[in-house]
Amino acid sequence: MTKFYITTAIDYPNASPHIGTAYEKIGADARARWRRLCGDDVYFLMGNDENSQKVAEKAQELGLDPLAYCDEMERKFRQAWSRLSLSFDRFIRTTEAAHHRGAREIFRRLLKRGDVYRGMYKSWYCVGCESRKTDKDLVNGKCANHPNRDLEWVEEENWFFRLTAYRDRIREVVKNTDFVEPGIRRNEVLGVLEEGLEDISISRAKTKWGVPVPDDPDHVIYVWFDALVNYITGVGFPDGPDFGRWWPCDVHVIGKDITRFHCIIWPAMLLGADLPLPKKVFAHGFVYLSGEKISKSGKRLDPAKAADRFGGDPLRYFLLREIAFDNDGDFTWEKFVERYNGELANELGNLLNRVVNMAEKNLGGVFEKPPAPLPQDAALREKLLGLADRVAPHYDRFEFHFALAQIWDAVRQANRYLDETRPWTAAKEGRRDAVAASLYNAAEALRIIAVLASPVIPATADRIGEQIGIGPLSTARLETVRAWGGVPGGTRVRRAAPLFPRLDKVPEAEEFA
RNA sequence: GCCGGGGUAGCUCAACGGUUAGAGCGGCGGUUUCAUAAGCCGUAGGUUGCCGGUUCGAGUCCGGCCCCCGGCACCA
């Protein structure tokens with residue numbers, strides 16, 4: 001069985017997740033679910049990045065022990081993620097002892113090789129950014145991103161990582177392979193590599209919160225450095241029995257703002273530790289809120305609240321249908337309602353409703369294998385049986401918007417099939433065979449549509465399966481949609497509430513902040 | 001400043017140098033009645049940012065210009 005190991009960035013738990021964070025996880029989840037559908041043995045890793053000064057600060061602000069605070073935040077994150085049906089296999093926390101051990105092991109390996117050394121670290125430091133600031137980064141002597149905070153002048157002996165030693169090898173990989181996707185990010189990374197690198201400081205002396213540097217109790221490993229290591233400790237590095245099975249990772253899903261860490265620093269760390277590089281780093285775009293950048297505008301959209309109200313699937317669907325995953329996109333409630341009503345309620349939800357209703361009214365609620373073919377069958381079958389092949393390349397390239405466009409093309413065709421075969425007329429005319437054939441084929445179309453859309457809308461796929469009487473479909477296998485006739489004759493429909501009740505007004509953004 | 005991406009219908013976006021530049025949404029009109037006042041069909045709407053060039057032929061290639069957006073940060 002082919003293995004597929006996929007990760008997302010781990011999150012600072014100093015605030016609850018927002019729509020942008022959710023976007024990344026949803027995209028990764030869709031890919032993970034797609035690979036499971038294809039039969040891969042999938043390992044999907046997510047988690048929280050807890051060894052940060054910001055986290056310690058926040059905990060102190062609340063009068064909590066940092067670890068207790070992190071425990072609480074883990075609950076919040078898990079709750080939010082569960083509302084979005086994220087199917088991660090493991091949720092890692094970088095405060096775990098096993099992670100600390102792995103991070104220290106990496107540090108030791110690089111030290112042994114001579115690529116970790118002592119040096120002097122002098123600069124302005126912004127606690128908000130958790131990063132060094134050079135003079136050109138300053139605006140009026142303050143950090144541009146955190147103008148309300150005072151900068152600290154930091155001057156201390158630190159441990160450094162000889163990043164410069166790895167530049168050429170990394171450049172070769174980035175240049176000659178599709179290690180970094182999409183192409184635009186690859187070019188940017190290449191640009192950085194061409195301009196040249198500096199060695200980086202990888203420890204901090206001022207804080208006790210974090211992973212202690214081996215044999216140097218006065219320093220902790222810089223949060224970024226230990227955070228990256230989660231991708232290997234999450235599968236058992238250094239000596240877990242499954243480490244060799246999962247690593248190297250098939251794809252790291254990250255935001256476009258952190259390519260430098262994943263495409264340059266992380267590979268350098270791995271090369272230094274004699275570990276294989278991940279196969280791919282995929283950098284997704286950003287979600288804007290009504291045209292404004294989330295971080296700058298201060299606008300928020302709490303995905304858990306939105307999912308509470310509308311369900312996780314509509315949010316997942318909207319984000320992956322509206323926005324190309326490698327691009328930036330805009331969330332507005334107007335657009336959300338438009339797609340929700342048009343595509344989810346009217347086209348898909350109503351299609352199911354039509355079929356289930358007519359089956360109840362005219363067939364006693366039981367699907368029968370088509371007693372006789374209808375002239376419109378061939379076109380419908382051709383469309384649906386070819387759908388898996390049309391959708392597959394898109395899912396595998398994170399082109400969820402294209403995959404969904406293909407699937408909805410089939411949804412429209414199924415609606416058209418009903419209009420053309422007119423089972424309601426056939427019923428009135430007493431042509432029971434025609435009614436049975438039409439509804440059976442429409443149910444088949446729904447089955448295939450549900451399975452192929454399940455990576456994006458898993459809960460809906462299950463609900464469709466329940467209503468047409470064949471049980472959950474989000475855990476189906478791809479082979480089942482390459483053949484017609486998956487709904488057994490004699491299957492009894494189970495009518496339930498509409499999948500997506502129509503929304504009659506545009507929600508107020510404030511309700512979900 | 002340097003590097004990169006982009007300006008196409010009211011909106012969001014498609015279109016290997018090759019018929020008459022397409023699709024969805026929105027608008028307008030029609031039709032159906034099984035269904036969540038849903039579905040289906042049809043239609044209007046474009047000087048492809050501007051100027052020049054190459055070519056039998058340019059949204060597409062070349063040069064110049066104007067706008068927008070990213071990257072050049074120890075950014076989760």
Side-chain angles (χ1 to χ4, degrees), chain A residues 8-12 20-21 24 47-49 52 54 121 123 125-126 128-134 136-137 144-145 158 160-161 163 182-192 194-195 197-202 204 222-225 227-228 230 254-262 264-265 285-286 295 321-324 327-330 334-335 338-339 341-362 401-402 405 408-409 412 414-428 435 438-439 442 497-504:
Chain A
T8 64
I10 52 177
D11 301 299
Y12 280 156
T21 328
E24 170 174 302
N48 281 353
D49 184 6
S52 137
K54 253 191 272 191
Y121 170 94
S123 75
Y125 185 84
C126 173
C129 298
E130 197 123 15
S131 68
R132 179 171 78 170
K133 294 288 156 183
T134 59
K136 66 174 178 176
D137 295 326
N145 299 330
N158 271 169
F160 278 73
F161 174 45
L163 186 62
I184 181 169
R185 302 302 154 210
R186 183 164 161 269
N187 287 343
E188 288 174 5
V189 170
L190 270 177
V192 171
E194 294 298 336
E195 278 181 33
L197 303 172
E198 288 175 21
D199 288 350
I200 55 171
S201 156
I202 58 166
R204 294 291 180 270
Y222 179 49
V223 61
W224 255 105
F225 197 83
L228 288 162
N230 95 85
I254 61 163
K256 66 178 185 179
D257 53 333
I258 52 176
T259 51
R260 188 188 185 94
F261 297 91
H262 287 79
I264 300 175
I265 298 174
F286 283 157
S295 58
R321 176 68 187 89
E322 175 73 18
I323 307 171
N327 252 308
D328 293 348
D330 195 30
E334 286 77 12
K335 287 194 266 197
E338 189 176 304
R339 286 205 186 271
N341 280 341
E343 293 164 21
L344 294 177
N346 295 349
E347 293 183 327
L348 179 59
N350 187 49
L351 171 64
L352 175 68
N353 220 29
R354 302 171 84 177
V355 171
V356 171
N357 256 299
M358 284 192 276
E360 274 194 339
K361 280 189 189 167
N362 304 307
H401 64 307
F402 285 146
W408 253 255
D409 203 36
R412 289 183 198 109
N415 271 313
R416 208 174 306 132
Y417 175 83
L418 286 179
D419 284 333
E420 287 169 1
T421 55
R422 302 178 63 84
W424 55 92
T425 304
K428 282 176 196 155
V435 177
S438 172
L439 296 182
L499 296 180
F500 306 103
R502 277 181 64 86
L503 304 176
D504 53 6

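Residue numbering restarts at 1 for every chain, and letters A, B, ... go by the order of the sequence lines.
Distance A:Asp419 CG to B:A35 P: 13 Å, rounded to the nearest Å.
Contact between the side-chain N/O atoms of A:Asn346 and the OP1/OP2 oxygens of B:U36 is not found at any separation under 4.0 Å. A close approach under 4.0 Å does not occur between any side-chain nitrogen or oxygen of A:Arg422 and OP1 or OP2 of B:C34. Remark: A:Arg416 is in phosphate contact with B:C41, judged by side-chain N or O atoms under 4.0 Å from OP1 or OP2. Contact check, A:Lys428 against B:U33: no side-chain N or O comes under 4.0 Å of OP1 or OP2. Note on A:Tyr12: a side-chain N or O is less than 4.0 Å away from OP1 or OP2 of B:A76. At B:A76, one or more side-chain N or O atoms of A:Trp224 fall inside 4.0 Å of OP1 or OP2 (strictly under the cut-off). Considering only side-chain N and O atoms, A:Lys256 lies nowhere under 4.0 angstrom from the phosphate OP1 or OP2 of B:A76.
Among the heavy atoms of the strands, none lies under 4.0 Å from A:Phe225.
Pair assignment for B:G57 gives none, since no Watson-Crick or G-U wobble pairing has each distance under 3.5 Å. For B:C40, the paired base is B:G30 (Watson-Crick or G-U wobble, both distances below 3.5 Å).
The pair A:Lys335-A:Glu338 does not count as a salt bridge, with every side-chain nitrogen at least 4.0 angstrom from each carboxylate oxygen. In this structure, A:Arg412 does not pair ionically with A:Asp419, as no charged nitrogen and carboxylate oxygen lie closer than 4.0 Å.
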